[in-house]
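Beneath this line is the structure, given in structure tokens, with notes to follow.
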Amino acid sequence: GPALIQRGFAGGELLLPLVFLLILTTVVLHGFSLPWLARRLGLSAVSRDGLLICGANPWSTGLAATLQREKVPILLADGSWSRLRDARHAGLPVYFGEVLSEEAEIDLELGELGSLLAVTSNDAYNALVCAEYAPEFGRQRVFQLSVPANGPAKRRPGATSRGRALLDAAIQYDDLQRNWFRGWTFQVTGLTDEFTSQDLLAGLPEGALPLLVIDEENGVRLASSDSTVRAEPNQRVLWFGLKPARERDSKEVGKRSGGK
């Protein structure tokens, strides 16, 4: 602009504001139009409240399969191809690789995922994963199993360098796997105006563990050890435990009838 003015070109003083106005206009127009266009082309995530599960094991694979049936976006990540075998055979979305690596920053698709749950057998590794992904998801949305309260203090990561506790310290990794092989399953119960979360909690089988809430848009909200499950009508609560006795009895009757 100033160079044009020096050379005597009329209107040279308008070049700078015109260029600025053009850039501002295109940025604003694209900001409003691109989300709509991405949705029309199927390139945008419908929800950003899915769950990234770090650590493949029988319990976490069962959790991922249940969430997939409920139409919740999930991704099960592990650095072991063999530990991901059951998930792969079940058709679950998996990531084979080290989630703490630089490659994961490029390869991981987190568009639909809004929370993280680290459930490997290594508490320190779980803490590292939560600390790494806290800036991505927010510290309130990264979870891991509680560290045993009676363990040596030098083996417990500080509160600021670990994720939120999914369950209390009495429930450990081995407990979840043991109960899984004892026949505990993941159940999803819908709530209504008449059947509230308080009614659900009061009627759960002994020892059952409410884990998360699924909202009407299939997003998840995990329950932490320092807060109870709070769900609204038309939402669903996922819990881990034995099926109610009446359901087990009816299933056994069905098996016996089929055998006859």
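Predicted model only: the values in this text are computed from it and were never measured.
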Same cluster (ILVMFWY, side-chain, under 4.5 Å), [X] and [Y]:
{"X": "L15", "Y": "F9", "result": "yes"}
{"X": "L92", "Y": "V119", "result": "no"}
{"X": "V28", "Y": "L37", "result": "no"}
{"X": "I106", "Y": "F96", "result": "no"}
{"X": "V94", "Y": "W81", "result": "yes"}

Taking the side chain as everything from C-beta on, heavy atoms only, tell me whether [X] gets closer than 4.5 Å to [Y].
{"X": "Y173", "Y": "N122", "result": "no"}
{"X": "E132", "Y": "E105", "result": "yes"}
{"X": "F181", "Y": "P58", "result": "yes"}
{"X": "F137", "Y": "L110", "result": "yes"}
{"X": "Y125", "Y": "L100", "result": "yes"}
{"X": "L222", "Y": "L117", "result": "yes"}
{"X": "V220", "Y": "V213", "result": "no"}

Please check this pair: side chain of [X] against backbone of [Y], looking for a donor-acceptor N/O pair closer than 3.5 Å.
{"X": "D175", "Y": "Q172", "result": "yes"}
{"X": "R162", "Y": "A131", "result": "no"}
{"X": "R164", "Y": "Q140", "result": "yes"}

* Apply side chain to side chain contact (heavy atoms under 4.5 Å, CB included) to L201 and list each qualifying residue two or more places apart in sequence or on a separate chain. =>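 Once residues adjacent in sequence are excluded, the partners of L201 under the side chain to side chain contact (heavy atoms under 4.5 Å, CB included) criterion are L204, P210.
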
* Have T61 and D86 got a donor and an acceptor in their side chains that come within less than 3.5 Å? ->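 No pair is found: no donor N or O on one side chain lies under 3.5 Å from an acceptor on the other.
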
* Asked: Can Q177 and N57 be counted as having a side-chain donor-acceptor contact under 3.5 angstrom?
  ->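 On atom types as modelled, these side chains qualify, holding a pair under 3.5 Å.
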
* Asked: More than 12 foreign heavy atoms under 6.0 Å from CZ of F195: is that the case here?
  ->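 Buried by this count: over 12 neighbours within 6.0 Å.
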
* Begin from the C-alpha positions of I53 and L63 and carry the test side-chain contact (heavy atoms from CB on, under 4.5 Å) through to its verdict. => CA-CA 9 Å; I53 305 174; L63 173 61; 4.1 Å; yes

* Please name all residues satisfying side-chain hydrogen bond (donor to acceptor under 3.5 Å, both in side chains) with E109, sequence neighbours left out, ordered by chain then number. =>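 Result, side-chain hydrogen bond (donor to acceptor under 3.5 Å, both in side chains) vs E109: none returned.
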
Nearest heavy-atom pair of [X] and [Y]: which atoms, and what distance?
{"X": "P73", "Y": "N218", "result": "CD-O, 3.7 Å"}
{"X": "A231", "Y": "V237", "result": "CB-CG2, 3.9 Å"}
{"X": "D193", "Y": "P233", "result": "OD1-CG, 3.2 Å"}
{"X": "V99", "Y": "A77", "result": "CG1-CB, 3.6 Å"}
{"X": "R236", "Y": "D215", "result": "NH2-O, 3.1 Å"}
{"X": "G163", "Y": "C130", "result": "N-CB, 3.5 Å"}

Rounded distance (nearest 0.5 Å) linking atom [atom1] of [X] with atom [atom2] of [Y]:
{"X": "E98", "Y": "D78", "atom1": "CD", "atom2": "CG", "answer": "9.0 Å"}
{"X": "N179", "Y": "L209", "atom1": "CG", "atom2": "CG", "answer": "7.5 Å"}
{"X": "L116", "Y": "Q144", "atom1": "CG", "atom2": "CD", "answer": "9.5 Å"}
{"X": "L211", "Y": "T66", "atom1": "CG", "atom2": "OG1", "answer": "10.0 Å"}
{"X": "L51", "Y": "L67", "atom1": "CG", "atom2": "CG", "answer": "6.0 Å"}
{"X": "S60", "Y": "L76", "atom1": "OG", "atom2": "CG", "answer": "5.0 Å"}

* **Ion pair check, D49 and R141, cut-off under 4.0 Å** =>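 A salt bridge is present here (some side-chain N lies under 4.0 Å from a carboxylate O).
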
* To do: Given side-chain contact (heavy atoms from CB on, under 4.5 Å), test L108 with Y133 step by step and report yes or no.
  => CA-CA 12 Å; L108 275 177; Y133 284 87; 3.2 Å; yes

* Given side-chain hydrogen bond (donor to acceptor under 3.5 Å, both in side chains), test T185 with Q187 step by step and report yes or no. => CA-CA 6 Å; T185 57; Q187 305 292 322; 2.6 Å; yes

* Worked check of side-chain contact (heavy atoms from CB on, under 4.5 Å) between N234 and T192 -> CA-CA 6 Å; N234 300 322; T192 64; 5.7 Å; no

* To do: Go through L176 and I171 one step at a time and tell me if the side-chain contact (heavy atoms from CB on, under 4.5 Å) criterion holds.
  => CA-CA 7 Å; L176 297 177; I171 307 298; 3.7 Å; yes

* To do: Indicate, with yes or no, if the rings of F186 and W59 have centres closer together than 6.0 Å.
  =>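 For F186 and W59, the ring centres are under 6.0 Å apart.
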
